Amino acid sequence: MWPLWLCWALWVLPLAGPGAALTEEQLLGSLLRQLQLSEVPVLDRADMEKLVIPAHVRAQYVVLLRRSHGDRSRGKRFSQSFREVAGRFLASEASTHLLVFGMEQRLPPNSELVQAVLRLFQEPVPKAALHRHGRLSPRSAQARVTVEWLRVRDDGSNRTSLIDSRLVSVHESGWKAFDVTEAVNFWQQLSRPRQPLLLQVSVQREHLGPLASGAHKLVRFASQGAPAGLGEPQLELHTLDLRDYGAQGDCDPEAPMTEGTRCCRQEMYIDLQGMKWAKNWVLEPPGFLAYECVGTCQQPPEALAFNWPFLGPRQCIASETASLPMIVSIKEGGRTRPQVVSLPNMRVQKCSCASDGALVPRRLQP
């Protein structure tokens, strides 16, 4: 009969090593391997001027983003606090709208953002307007609503980042929800203090053809001028108080790291826009929260260590990780096109203590 410890080890995955901070070289190496490239492609501004991200590429990227958000919030939905932030339309031009949310003191200190949801109220379309568009099939009566985070750089230029996208029917009305967790994460990391959160909402036609040419213009969202505030854009913020739910494994941002700090997950932001090799190559995202595992682990008694001599000291390691979706520029045959890739094990989901050389159950997100 096989020893019990060996039978248990046959169905688990080995740890990749300590949860050290992700380096720029590791990130670049992973991207090159995923694209089967030996070096960073040479792309200049001329290659990017005519580059347009097609709807199907945006949709593929958004699906991967949603999956990542769902993995992060799993198991945290029953012990979170909730607060709502009212927003307003700052400007509207054609089918593009700029929303602004005052975020000062909206996210309490010593808390973890679990999810941020943007809610927009889609107004019903008057029957006369529908009649003017003739018979609209279910396919042609749809519009694509895209939400982007707008960052105003120090030099006054703007940069938008794709956050969420979904189809809506012109025959529908009521509240529509968009996952904007990534936008709030960007705002926390890159915005100057007291700067509001800016979201750009665009309504675009989904299908080409004479019947669909103007259907997307029928989709309208209620503004701040709605009666009694009904239909104002709302931002829902779901957070965890780390003082009450420290078992979630995140480090206390207000506590300094010392030699006695127990193993925890520490926030670490990777700014892709600040990396020269990513310019004109990585289109989305502008950055991401990678996290890292820091702190110490309690060591087993000497008697136990003597019975298991092949095990090293217990270390703080990444026991669960998630992939990072990206949109990158690919140059083929003199033409540049966007492509979605997913880099494995880029985000640390959970930190645990384990002995060097031990085999423990591990969940790696696709």
Side-chain angles (χ1 to χ4, degrees), residues 52-70 84-101 115-126 129-130 133 136-151 158-184 186-187 197-209 211-226 230-236 283-285 325 327 338 340:
V52 176
I53 301 178
H56 73 276
V57 174
R58 286 173 171 263
Q60 183 183 0
Y61 175 72
V62 167
V63 167
L64 294 175
L65 273 183
R66 288 176 179 170
R67 185 182 301 171
S68 176
H69 297 159
E84 196 172 77
V85 184
R88 61 187 177 88
F89 285 91
L90 187 64
S92 295
E93 182 178 347
S95 296
T96 301
H97 315 282
L98 185 60
L99 277 66
V100 59
F101 293 89
Q115 189 178 36
V117 179
L118 171 66
R119 295 194 180 276
L120 300 176
F121 188 83
Q122 182 181 346
E123 297 179 333
V125 179
L130 284 174
H133 282 263
L136 291 173
S137 66
R139 179 184 176 93
S140 62
Q142 289 182 320
R144 178 162 294 279
V145 181
T146 300
V147 180
E148 297 174 295
W149 172 63
L150 178 65
R151 179 190 180 189
N158 297 336
R159 205 289 193 183
T160 58
S161 299
L162 178 60
I163 300 299
D164 200 359
S165 179
R166 60 169 294 186
L167 292 174
V168 300
S169 171
V170 299
H171 297 290
E172 295 178 355
S173 64
W175 290 100
K176 306 298 179 183
F178 302 87
D179 188 333
V180 294
T181 310
E182 206 76 356
V184 178
F186 291 151
W187 174 84
L197 173 69
L198 299 176
L199 298 177
Q200 182 171 287
V201 178
S202 58
V203 184
Q204 303 157 329
R205 86 183 144 184
E206 176 66 8
H207 301 287
L208 299 177
L211 292 178
S213 59
H216 66 286
K217 298 178 181 179
L218 299 177
V219 176
R220 296 181 178 275
F221 295 108
S223 64
Q224 193 176 14
L230 179 64
E232 292 181 10
Q234 301 289 337
L235 181 66
E236 296 179 0
L283 306 178
E284 298 287 353
I327 302 180
V340 176

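All residue numbers refer to positions in the sequence shown, counting from 1. Fair warning: this is a prediction, and the values are worked out from it, not measured in the lab.
- The side-chain heavy atoms of Asp164 and Leu65, taken from C-beta on, include no pair separated by under 4.5 Å.
- The side-chain hydrogen bond (donor to acceptor under 3.5 Å, both in side chains) test applied to Arg58 returns no partner, not counting sequence neighbours.
- Looking only at distances, no side-chain donor or acceptor of Thr160 sits under 3.5 Å from a matching main-chain atom of Trp149.
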*Apply side chain to side chain contact (heavy atoms under 4.5 Å, CB included) to Leu197 and Val184, showing your working.*
CA-CA 8 Å; Leu197 173 69; Val184 178; 4.2 Å; yes
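- Within the 4.5 Å cutoff, side-chain heavy atoms of Val147 are placed close to those of Val180.
- The shortest non-hydrogen separation linking Pro338 to Pro54 is CG-CD, 3.5 Å.
- By the salt bridge (charged side-chain N to carboxylate O under 4.0 Å, His left out) test, Arg220 pairs with no residue at all, sequence neighbours left out.
- Minimum interatomic distance between Ala222 and Pro233 (heavy atoms only, all atoms of both residues): O-CD, 4.1 Å.
- Atom-to-atom distance recorded for Trp175:CH2 and Phe221:CZ is 11.0 Å, nearest 0.5 angstrom.
- Among residues two or more places apart in sequence or in another chain, the side-chain hydrogen bond (donor to acceptor under 3.5 Å, both in side chains) test is passed with Thr146 by Ser165.
- Taking the side-chain hydrogen bond (donor to acceptor under 3.5 Å, both in side chains) definition, one finds that Glu172 meets it with Lys176, sequence neighbours left out.
- Minimum heavy-atom separation, Tyr61 to Pro325: CE1-O, 3.5 Å.
- Considering only residues two or more places apart in sequence or on other chains, Glu148 meets the side-chain hydrogen bond (donor to acceptor under 3.5 Å, both in side chains) condition with Gln200.
- Taking 4.5 Å as the limit, some side-chain heavy atom of Ile53 sits within range of a side-chain heavy atom of Leu283.
- Applying the salt bridge (charged side-chain N to carboxylate O under 4.0 Å, His left out) criterion to Arg166, with sequence neighbours excluded, gives no partner residue.
- Side-chain atoms of Gln142 do not come within 3.5 Å of backbone N or O of Ser169 as any donor-acceptor pair.
- In this structure, CD in Glu284 is found 13.0 Å from CG in Leu64, a value given to the nearest 0.5 Å.
- Two residues are said to be in side-chain contact when any heavy atoms from C-beta on lie closer than 4.5 Å; Arg151 and Phe186 fail this criterion.
- The two residues Ile163 and Asp179 have their closest heavy-atom pair at CG2-O, 3.4 Å.
- Of the residues Leu198, Leu118, Leu150, the one that meets the side chain to side chain contact (heavy atoms under 4.5 Å, CB included) test with Leu99 is Leu118.
- Annotation: side chain of Leu120 is in contact with side chain of Phe178 (closest heavy-atom distance under 4.5 Å).
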